[in-house]
Amino acid sequence: MPQLSRRHLIGLTGATGLSAATVLTRSSAPAGATPWSGTDPFTLGVASGDPAPDGVVLWTRLAPNPLAADGRAGMGDKPVQVQWQVATDPTFKNDSVVRAGSARAVPELAHSVHVELSGLLPDREYWYRFRAGNKLSPVGRTRTAPAYGAELKELRFAFTSCQNLPAGYFTAYRHMAQDDLDLVVHLGDYIYEGVGKSTLPGRSHASGAEIFTLPDYRLRYSQYKTDPDLRAAHAAAPWIVTPDDHEVENNYANDISEPDQEPDQDRAVFLKRRAAAYQAYYEHMPLRRRSMPTGPDMQLYRRIRYGRLAEFNVLDTRQYRDDQLEGCAQPCTDRYQPGRTMLGAEQESWLTSGLSSSTATWKVLANQVVTFDADGKAGPAESYSLDTWMGYANARQRWYDVLHERKVENTVVITGDAHRSATADLKLDYRDQASPTVGVEFLGTSISSGGNGADMDATGTTWLSQNPHLKFANSQRGYQRCVVTPGQWRTDYRVVSAVTTPDAPIADRAEVYVEAGRPGVAGVDRH
């Protein structure tokens with residue numbers, strides 16, 4: 001894989017401005033042949049992300065043949081000029097177009113486009129589209145963040161994770177697209193890297209093999225993005241994204257491959273794989289240039305503010321962590337070893353200083369893996385997942401201590417990965433249930449990973465019986481809708497009846513409430 005400098009890549013993707021009055025129509029396209037010979041180059045849809053008060057990132061990728069085995073999606077070696085347009089009306093009437101421009105889609109970035117908009121009004125709804133050759137893209141809806149000092153009455157957003165294509169249909173995304181949302185937060189496992197055979201028609205991974213190279217990862221993202229429900233959710237609202245492990249490899253830690261990975265990967269080999277995976281992730285996500293990877297390194301943790309109401313601390317719990325504790329006999333007291341890290345020193349300092357100084361009502365951690373202790377063994381014996389924050393208990397304690405000692409109020413952690421839902425009070429010391437509550441964690445279920453699931457399974461029963469700080473549990477598939485006001489946070493756990501059949505209906509399984517200024521869960525309404 002050729003290594004390109006950040007400056008080179010920024011130059012390749014730089015956008016140029018056009019008059020806002022520029023009209024994008026098929027007939028106004030420039031003359032000349034295009035690489036896709038009349039087919040649709042926008043098969044992967046459109047997306048927006050990382051909203052700010054004055055703009056968002058607009059994304060698309062040209063892919064006339066998205067399942068091409070070489071990962072190039074039917075594109076050649078030449079750059080293609082892509083025009084874009086932003087309007088205040090979804091019909092793009094001339095007087096509604098407020099911004100327009102042009103960007104180069106280059107082969108070095110899989111002919112993806114990342115347009116970083118500025119100059120828009122805060123807390124406003126906009127629509128956008130692209131044109132390449134004589135083809136127009138679908139129309140996407142986005143929304144800018146409120147001004148940093150704005151007193152926001154309400155924020156409606158969804159969070160989710162873990163969309164395994166072979167495991168089932170992404171029906172939950174269709175329902176999410178129909179919600180009136182300001183924002184979607186994706187907490188990782190956007191793709192799965194394994195072989196991925198499925199009994200469901202059209203859901204097996206196209207390559208039929210574990211992926212390791214940049215073409216492999218590009219093809220895998222292309223296949224996932226051909227799903228119409230996923231495309232609809234991207235086009236409905238701006239997204240904040242952060243990866244977990246399956247975007248690279250299951251359970252990787254920093255520069256260490258999973259021990260039972262085949263073939264064996266030493267550090268140099270694995271970092272080459274990680275570089276390919278991170279580049280493909282950037283190419284397919286609506287991320288800003290600051291997140292463009294340099295080799296195997298990628299800047300992912302960042303902070304996104306929604307007025308004075310909420311501040312999202314977007315975490316990266318894979319790239320800097322110590323290795324998992326292998327072979328540690330449960331309940332594994334080594335998980336309390338001092339000095340172990342999940343975030344790395346720099347990110348941990350960034351997090352704790354940000355939480356301490358935030359003036360937002362709600363301090364939100366967009367987090368990949370469970371932070372609360374979840375004893376998964378019935379009876380007096382104990383067992384904890386060592387890939388989560390449970391296996392890094394001392395690292396978790398450091399920022400829990402900051403919340404307590406500095407009296408940080410209204411901390412909410414939103415979490416993915418576990419393929420189940422749960423709500424927990426965050427206890428300063430889980431071994432002492434009388435210890436202070438320092439926040440609330442909403443663990444959200446998967447889109448499809450884990451199959452259909454059930455309202456309650458053995459793990460959920462054990463979690464509730466063994467962990468008094470847990471207030472709710474469920475193991476169906478779906479997503480979480482959060483309605484946030486200055487006085488209250490409500491999370492609606494929305495579940496589909498099945499993922500192994502298409503067109504499943506959705507229902508609210510529970511609404512969980514947190515009151516501002518009152519630590520812990522205030523109430524759970526089950527259905």
Side-chain angles (χ1 to χ4, degrees), residues 157-162 172 185-189 244 315 317 331 364-378 382-393 396 400 411-428 430-431 433 437-483 489-496 499 506-514 519-527:
F157 77 95
F159 72 92
T160 193
S161 65
C162 302
V185 182
H186 195 284
L187 298 170
D189 294 345
D244 189 21
L315 302 187
T317 61
V364 189
L365 278 69
N367 165 66
Q368 290 87 345
V369 292
V370 169
T371 81
F372 60 77
D373 260 11
D375 176 10
K377 192 80 169 178
E382 298 176 49
S383 180
Y384 300 95
S385 169
L386 301 181
D387 183 58
T388 69
W389 283 93
M390 295 177 239
Y392 301 76
R396 175 187 67 191
Y400 275 23
T411 300
V412 175
V413 181
I414 56 174
T415 298
D417 177 66
H419 308 168
R420 62 180 57 251
S421 295
T423 304
D425 288 346
L426 302 183
K427 307 301 292 184
L428 186 63
Y430 292 102
R431 296 163 293 188
Q433 287 292 315
T437 296
V438 296
V440 170
E441 183 165 1
F442 292 107
L443 170 62
T445 190
S446 59
I447 289 290
S448 65
S449 302
N452 290 329
D455 180 60
M456 184 58 64
D457 62 4
T459 297
T461 300
T462 300
W463 274 20
L464 288 173
S465 67
Q466 299 299 119
N467 305 278
H469 47 279
L470 263 69
K471 309 302 179 183
F472 169 76
N474 172 272
S475 66
Q476 292 169 282
R477 308 285 79 83
Y479 68 96
Q480 295 63 235
R481 179 179 59 202
C482 302
V483 181
W489 179 301
R490 188 188 86 224
T491 294
D492 304 329
Y493 283 99
R494 314 207 72 207
V495 299
V496 292
V499 295
I506 197 163
D508 289 345
R509 179 62 186 84
E511 292 96 30
V512 185
Y513 298 87
V514 180
V521 173
V524 180
D525 290 341
R526 295 174 174 85
H527 297 279

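Numbers here simply count residues along the sequence, with the first being 1.
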Calculate, to the nearest 0.5 Å, the distance between atoms CZ and CD belonging to R509 and Q480 respectively.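 Result: 13.5 Å between the selected atoms.
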
Going from CE on M456 to OG on S475, what distance comes out if it is rounded to the nearest 0.5 angstrom? 7.0 Å

Taking it one step at a time, do F442 and V512 satisfy side-chain contact (heavy atoms from CB on, under 4.5 Å)? CA-CA 9 Å; F442 292 107; V512 185; 3.7 Å; yes

Would you say the side chain of [Y] lies within less than 4.5 Å of the side chain of [X], judging by non-hydrogen atoms?
{"X": "K427", "Y": "T437", "value": "yes"}
{"X": "V370", "Y": "M390", "value": "yes"}
{"X": "V412", "Y": "L365", "value": "no"}
{"X": "Y384", "Y": "D373", "value": "yes"}
{"X": "L187", "Y": "D244", "value": "no"}
{"X": "D455", "Y": "N474", "value": "yes"}
{"X": "L470", "Y": "N467", "value": "yes"}

Run the side-chain hydrogen bond (donor to acceptor under 3.5 Å, both in side chains) check on W489 and T491 step by step: do they pass? CA-CA 7 Å; W489 179 301; T491 294; 2.8 Å; yes

So, for [X] and [Y], which heavy atoms are closest and what is the spacing to 0.1 Å?
{"X": "L443", "Y": "G416", "answer": "CD1-O, 3.4 Å"}
{"X": "N367", "Y": "V369", "answer": "ND2-O, 2.6 Å"}
{"X": "S446", "Y": "C162", "answer": "CB-O, 3.3 Å"}
{"X": "G450", "Y": "H419", "answer": "N-ND1, 4.2 Å"}
{"X": "A172", "Y": "G478", "answer": "CB-CA, 4.0 Å"}

For [Y], does its backbone N or O pair with a side-chain atom of [X] as donor and acceptor, under 3.5 Å?
{"X": "T388", "Y": "S385", "result": "yes"}
{"X": "Q368", "Y": "D417", "result": "no"}
{"X": "Y493", "Y": "R481", "result": "no"}
{"X": "T445", "Y": "Q476", "result": "yes"}
{"X": "D425", "Y": "V440", "result": "no"}
{"X": "E441", "Y": "T423", "result": "no"}

Quick check, are the ring centers of Y430 and F372 under 6.0 angstrom apart? no

F159 ring center within less than 6.0 Å of H186 ring center: no

Should D492 and R490 count as an ion pair when the cut-off is N to O under 4.0 Å?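 Judged by the 4.0 Å cut-off on N to carboxylate O distance, D492 and R490 do form a salt bridge.
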
Is the closest basic N to carboxylate O distance between R420 and D457 below 4.0 Å? yes

Would D189 and S161 count as a side-chain hydrogen bond (donor to acceptor under 3.5 Å, both in side chains) here? Give the steps. CA-CA 6 Å; D189 294 345; S161 65; over 6 Å; no

Apply side-chain hydrogen bond (donor to acceptor under 3.5 Å, both in side chains) to residues T371 and Y400 and explain how you reach the verdict. CA-CA 10 Å; T371 81; Y400 275 23; 2.9 Å; yes

Can you give the donor-acceptor pairs under 3.5 Å from side chains of residues 520-527 to other protein atoms, not counting sequence neighbours?
residue	atom	partner	partner atom	Å
R526	NH2	K471	O	2.6
H527	NE2	E511	OE1	2.8
H527	NE2	E511	OE2	2.8

V364 and I414: CA distance, side-chain angles, deciding distance, side-chain contact (heavy atoms from CB on, under 4.5 Å) verdict: CA-CA 7 Å; V364 189; I414 56 174; 4.2 Å; yes

What do the steps show when you test H469 against Q433 for side-chain contact (heavy atoms from CB on, under 4.5 Å), and what is the final call? CA-CA 7 Å; H469 47 279; Q433 287 292 315; 3.1 Å; yes

Does R396 count as lying over the ring of Y392, i.e. NZ or CZ under 6.0 Å from the six-ring centre, within 45 degrees of the axis? no

